[in-house]
> 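Okay, handing you the structure first.
Each chain gets a letter, A, B and so on, in the order the sequences are listed, and its residues count up from 1.
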Amino acid sequence: MSEKFEPKVVAFVCNWCTYAGADLTGTSRIKYAPNVKIIRFPCTGRIDFMLLMKAFANGADGIIVSGCHPNDCHYSTGNFHARRRWMVFKSMLEFMGVDTRRIVFSWVSAAEGAKWAQLVNTSVEEFRKLGSYDAYKQVAKLNIEKEVFNG
Amino acid sequence: MARIGVFICHCGENISATVDCAKVAAVASNFPGVAYSVDYKYMCSDPGQRMIIDAIKEKKLDGIVVGSCSPRMHEPTFRRATAEGGLNPFLCEMANLREHCSWVHEKGDVTTAKAIDLVRTLVEKVKRNTPLLPIKVPVTKTALVIGGGVAGIQAALDIANTGHKVVMVERDPSIGGHMSQLSETFPTLDCSQCILTPRMVEVAQHPNITLYTYAEVESLDGFVGNFKVKIRKKAKSINEKDCTGCGLCCTKCPTKKIPSEFEQGLGFRSAIYVPFPQAVPNKPVIDKENCTYYTKGKCRVCEKVCPTKAIRFDQEDEILEIEIGAIVICTGFNILKTSFFPEYGYGVYKDVIDGLQFERLASASGPTLGEIRRPSDGKIPQKIVFIACAGSRDPAKGIEYCSKICCMYTAKHAMLYKHKVHEGKAYIFYMDIRAGGKMYEEFVRRAIVEDEAQYIRGRVSKVYEKNGKLIVVGADTLLGAMPVEIEADMVVLATAGIASEGAESLAQKLHVSYDAYKFFAEAHPKLKPVETNTAGIFLAGACQAPKDIPESVSAASGAAVKVAALFSNDELTRDPMVAFVNRTAPPVFSTCVGCFLCQPVCPYQAIEKEEIKDRQGKTIKTVARINPGLCQGCGTCVALCRNKAIDILGYTNEQVYTEVVALLNEY
Amino acid sequence: MKIGFYPGCSLNGGSKEYKDSVYALAKQFDIELVYIPDWNCCGATAAHNLNKELSLSLPSRILAIAEREGLKDILVPCAACYSRLTVTQHELNHDENLKKRITDIIEMPVKGTTRILNIIQWIEEFILEKIPYKMFKPFNHKVACYYGCLLVRPHEILKFDREENPESMDKLMKAVGADSIDWAFKTECCGAGFSVSRTDIVGKLSGKLMADAVDRGAEAIIVACPMCHSNLDMRRPAINKYLGKNIDIPILYISQAIGLAVGIDEHTLGLHRHMVDVNLKENTTTVTKEKIKEKTETEV
Amino acid sequence: MSHENHHSHANPTLADEIHDHTEVLAAKCYQCGKCSAGCPLSDEMDYPPSVVMRMLQTGMPELEEKLLRSYTIWLCLTCEMCIARCPMEVDIPKVMDYLREKTLKAGKANPKAKNIISFHKAFLDSIQKTGRLYEMGLIVDYKMRSLNMMQDVAVAPKMFMKGKLSILPELIKERKKMESIFKKTFKNKEASK
Ligand SMILES: Cc1cc2nc3c(=O)[nH]c(=O)nc-3n(C[C@H](O)[C@H](O)[C@H](O)COP(=O)(O)OP(=O)(O)OC[C@H]3O[C@@H](n4cnc5c(N)ncnc54)[C@H](O)[C@@H]3O)c2cc1C
Ligand SMILES: Cc1cc2nc3c(=O)[nH]c(=O)nc-3n(C[C@H](O)[C@H](O)[C@H](O)COP(=O)(O)OP(=O)(O)OC[C@H]3O[C@@H](n4cnc5c(N)ncnc54)[C@H](O)[C@@H]3O)c2cc1C
Ligand code: SF4
Ligand code: SF4
Ligand code: SF4
Ligand code: SF4
Ligand code: SF4
Ligand code: SF4
Ligand code: SF4
Ligand code: SF4
């Protein structure tokens, strides 16, 4: 096996649309890269951006955030808030020197199984090109994580 | 040390074909805090569930992770089993090894490794789960129906017939709404009053319905199942109990020349009046603005003639406070008046009328007893021009949307006119004929073919009066925009349907959202068309957008079912995954600093202000508080609060942060 | 009281009587009209039709001079000029690039702050209140107030009166005792710039609207635009040809009608310059000087 | 100038071109015909205003050519009645202005419009030379251009008698400036072509 770099990718998805969409990818047996692991949230509105930083600090090379399409949010407006917050946060991150190309935002509905697979594959490809996010891991040598395990 | 049980499912071969299930179980058994770990062919089968139940008891487990299919599939199953084993059901989590792993990846170590990562993540999460109790809220089984048009009537009767109490609040002196003004109704041409009046009477007589007319909602507090509403009963200046509805007062009242709202200004009423003969309740009210006793201190004729001494000049508005469990908003719509249209004369030409006025002219009980006569001189018009889309589909001056009902009622008007004035000629200027509905297109075709309605495709540029005729200046776009000028005797504008007056302030009182046009907004345009974003408040009829009668009535029945479902339990059980603002010891009380930035982001208006008081009752601090009855658990506020003062059960900060760490780090 | 004054070419030429009457009216009410020095033509329809930049540059120079002279308000009696100046100012103020381009062309700065008043606004603001104290001879005739296109459109920019069925001129005429009719052609086009090149069209468009005014019993048509005036007055042969009959209804500028009411003589107002004679029935109800004085004393 | 909802095409249509220069979007017109109904000259025109908009919408070169050669664009009086009542606020007069300029430059103006164009040109000439309109000159100039010698022979003397026509032109001081404004604007136009 050639030693191809495999990025670690965390996906933050909402329960109602993208989680269900990813379920549909499964039911449809559409294959995608196993690098991506999903964490379920009630709504993209719940995702606070320190979580993304936490993921980078813990070795993620890329992050996917995905929820319902605009106007289809289960909670009606949660995804708008997520989006709006992201706009603000993104410029802040860029200012701090975080590589925002490593954060992919998307909308995947419960009916878009194929889109989920495609999103994962193209994102992984992109992250692979960007390489390991050592830069951040270096900066954020935070060891508190280890404590968490012993809680 | 935690004692977690891990159960890895093969799903026949659905999982085991690509994931080495035994290995996953074996690795998991070494995770810190895991007391028991097995794999099994079908976890959801009876024996599978039994394994969990037994293990909880035998191994004294305090948390369960099932690595199997999607939680969207079997979470309820395994939570039930967990509960049966004697643990709080919310101490069970599922790792999605099938939809998110075995089915989407090839067989191999990488796939098995991913499965292990997913299980580890959930094991770490479940360690931080806390027992949660479903939230129970009591339900007051009385519904409030606001607005007594056909939608409100239907909703009230449907709810009342399920055995629950209904309070109906109607702003006007009578219920009936717009439908009571209509002559005949498309697409069947049955008489509007004939089908509506019996239902109005039924409302008044139904033992489960309390009717307040001439009343409005003043304010609303509380949440689903537990609302408190204040109703203002405007003074009618009569004692309804004493009044027999004999009508003597109305006949004798000397102030008679008040344009009747019900007749759309085409007829008159007295200062003490019943809006129309079939009104429910059939008891008069005094219009204080026009009664000479109220305005000038002289008269009291009605008081003198009333055989039961029912007149009460000193009556004042009354405020009622009642408890209710659910609300159906049915406040309907309105139409633009002819004065809205400068190019059609700003409403000054008497013979340029709107659709509702035409309904009154065509109504057998209307001011002309059903004869089509023009308002200016009472002559029977030989040529009528109907102008469709008046103010609709007009972003420049009117509204952008299509009002939906006007194509149909215009075809109806042309038909009714032809039925009444055989030699008359009806012209209809239109842009498109929108007749999507059961028997609608057929209806329009009938108007064109049988009743010779002359449809001309084009918008009218101007209408002006000349020698007693109305000159209508239009163009026929199907003939290369050829100019067309018609000398009409009467012009009927199919004016746009707009939000009912006061809809915006009512929406604000009820904390429900409304759209840019001030129509009430549904929770989801397709899947929750009769729900609002506020739990326990529903919508029906033309208060959402212009709707015809069949649609209004279907929506009302839909809303009634929602209310009945809500009332089918004594208590509401709600998902306990709600947000809460932390409370700590004094003097801090909470890390909340009271910035209330969270308040506007909540889609459900669940965030309230709470004053923390000292023993003397003095406010020390104002902090946010989340009403668990309203919170739907989206978590938006949690992510927003910079002080981390809010957290959400089931997805606490601690839980989700741990998940991130566990997902990315092996032990 | 001083106010800037832009007469425009028509008032300087073919519509001399309009200028004379505005002047006379100003004098009667002690208003000093200050010419915009070395003013040029606004370009009217021709520039508008053939070259957009030119059509903005010509009015811009006028505005620039007014600003330079410190004239904050300017009276523009010609409706066409009023429209060109107002639209130009609007466009400049809504497009910085355009403003830059135009200032380069005219080689003068334009801020775009001038208040441009049409004749009606001017009378409303500076004269209307004082009319009762000077009214010698109520203009008690039945009149049709004709606004034409340029005074009211485009409404979004001019924001003057109501777009359809305007009323401001009618109010002024009522204030001098006239009975202004309700009619439907107040803002229909008279044929405007086609006076010379397609006189037949002027005959038709003006004919249609005048026939309605005559039918409704108007004794005179009151206008506020030299183009309207010349079309309705000078093009009477073409109009009569279109109508197939002769109509002799006179066309008066609003300044002339009001001027008559406040006692200015016909010659000063230039009535003799009209193609169609102004033969209104003699108005016998004059108001005596005493009465006016009385009025002045009771109300002041 | 390009706009969000406006795609750049390989072969821009006349409608695209108009949109770029005037911001008027022909696609907004939903063919209600209200403009044609209100236009005072609709019945004189070869294509009433709503038909003009439709022709632009099609993007068909044959129709665009017909439009440029139409009489309609010269008949339009820019009275603004159409846009005043258009529910979609389609600025037809602006479109007409644009088409006139374009057509004139391309030498495609409808022959029937000769008089109209002659008059406009004579008018502008007068301003260019004197800064103001010199009516007498205008009439003479127009007659030379239109060869319509007999027109207004009856009116002109009467005007003269009534003091409405002056023999001599009024000249403004900054006549050089006028020349330069004309030169610049006509040059800019060529450049922007
Ligand atoms: C000219 C015309 C002709 C029509 N013809 C037909 C037809 O032939 N066939 C057909 O199917 N449909 C027809 N319709 C449509 C029909 O009128 C509506 O579908 C129907 O009236 C909608 O009923 P509703 O109860 O939702 O609203 P409404 O009839 O508007 O009733 C709303 C009620 O709520 C009350 N209300 C409003 N605000 C408040 C408040 N704040 N507090 C308390 N009460 C309030 C009002 O007083 C009113 O009684 C026609 C409509 C028009 C305009
Ligand atoms: C091409 C197309 C595009 C559309 N796009 C949209 C859109 O974008 N937005 C929108 O709002 N709507 C859209 N619709 C309309 C939408 O599909 C319907 O409104 C909706 O499907 C109706 O749902 P239903 O449950 O009433 O009927 P159906 O979806 O037809 O379901 C009826 C069910 O009953 C079953 N069944 C039938 N007979 C029997 C029997 N005798 N016994 C037992 N079962 C039976 C059928 O198998 C079926 O499962 C579209 C429709 C089409 C055709
Ligand atoms: S629990 Fe889920 S994964 Fe396991 S057998 Fe049942 S359906 Fe399949
Ligand atoms: S007269 Fe008296 S009893 Fe009769 S309707 Fe009037 S108030 Fe009622
Ligand atoms: S008191 Fe008022 S309501 Fe009664 S009769 Fe007199 S005017 Fe009518
Ligand atoms: S329903 Fe018909 S008349 Fe009414 S707005 Fe829509 S298209 Fe126009
Ligand atoms: S909970 Fe947070 S966001 Fe809300 S008021 Fe308190 S500090 Fe502000
Ligand atoms: S979790 Fe969502 S619904 Fe609940 S209070 Fe917070 S924002 Fe409102
Ligand atoms: S009025 Fe406006 S929308 Fe209607 S046809 Fe004319 S340009 Fe098109
Ligand atoms: S501006 Fe032109 S197209 Fe529009 S109404 Fe006037 S003449 Fe007709």
> Given a strict heavy-atom distance threshold of 4.5 Å, which part of C/His272 is in contact with chain D: side chain, backbone, both, or neither?
backbone
> For side chain to side chain contact (heavy atoms under 4.5 Å, CB included), just list the numbers for C/Asn165 and C/Lys186, CA-CA rounded to whole Å, side-chain angles, deciding distance to a tenth of an Å, and then say yes or no.
CA-CA 6 Å; C/Asn165 196 18; C/Lys186 285 180 181 176; 2.8 Å; yes
> Give me the ring orientation class for C/Tyr35 and C/Phe5: parallel if the planes are under 30° apart, tilted from 30 to 60°, perpendicular past 60°.
perpendicular
> Does the pair C/His229 and C/Gln256 meet the rule for a side-chain hydrogen bond (donor to acceptor under 3.5 Å, both in side chains), with working shown?
CA-CA 12 Å; C/His229 192 276; C/Gln256 293 176 317; 4.8 Å; no
> For a side-chain contact (heavy atoms from CB on, under 4.5 Å) with D/Thr22, tell me which candidate from D/Ile18, D/Leu25, D/Asp20 qualifies.
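The residue from D/Ile18, D/Leu25, D/Asp20 that satisfies side-chain contact (heavy atoms from CB on, under 4.5 Å) with D/Thr22 turns out to be D/Ile18.
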> Any donor-acceptor pair under 3.5 Å linking the side-chain atoms of C/Ser168 with those of C/Asp161?
yes
> Considering only NZ, NE, NH1 and NH2 on the basic side and carboxylate oxygens on the acidic side, decide whether C/Glu164 and D/Arg85 come within less than 4.0 Å.
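A salt bridge links C/Glu164 with D/Arg85.
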> Quick check on the structure: residues of residues 74-81 of chain D within a heavy-atom distance below 4.5 Å of chain C, by number.
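Checking residues 74-81 of chain D against chain C gives D/Trp74, D/Leu75, D/Leu77, D/Thr78, D/Cys79, D/Glu80, D/Met81.
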> Contact part of C/Leu54 toward chain D, heavy-atom cut-off under 4.5 Å: side chain, backbone, both or neither?
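Looking at C/Leu54, backbone and side chain both touch chain D.
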> Considering only heavy atoms, give the residues of residues 42-60 of chain D separated from chain C by less than 4.5 Å, sorted numerically, with 'none' for an empty result.
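Answer by number: D/Asp43, D/Glu44.
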> Examine whether an atom of D/Lys177 lies under 4.5 Å from a heavy atom of chain C, and if so say whether it belongs to the side chain, the backbone or both; otherwise answer neither.
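Only the side chain of D/Lys177 comes within 4.5 Å of chain C.
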> Can a donor-acceptor pair be found between the side chains of C/Ser255 and C/Ser21 at a distance below 3.5 Å?
yes
> Which region of D/Ile181, side chain (C-beta onward) or backbone (N, CA, C, O), has a non-hydrogen atom less than 4.5 Å from a non-hydrogen atom of chain C, or is it both or neither?
both
> Tell me, side chain or backbone of D/Met96 under 4.5 Å from chain C's heavy atoms, or both, or neither?
neither
> Against chain C, label D/Thr103 side chain, backbone, both or neither, depending on which of its atoms sit under 4.5 Å from a heavy atom there.
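Contact with chain C involves no heavy atom of D/Thr103 at all.
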> Going by atom types only, do D/Asn115 and D/Ser118 share a side-chain donor-acceptor pair under 3.5 Å?
no
> What part of C/Ile102 gets within 4.5 angstrom of chain D, counting heavy atoms only: side chain, backbone, both, or neither?
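Neither the backbone nor the side chain of C/Ile102 comes within 4.5 Å of chain D.
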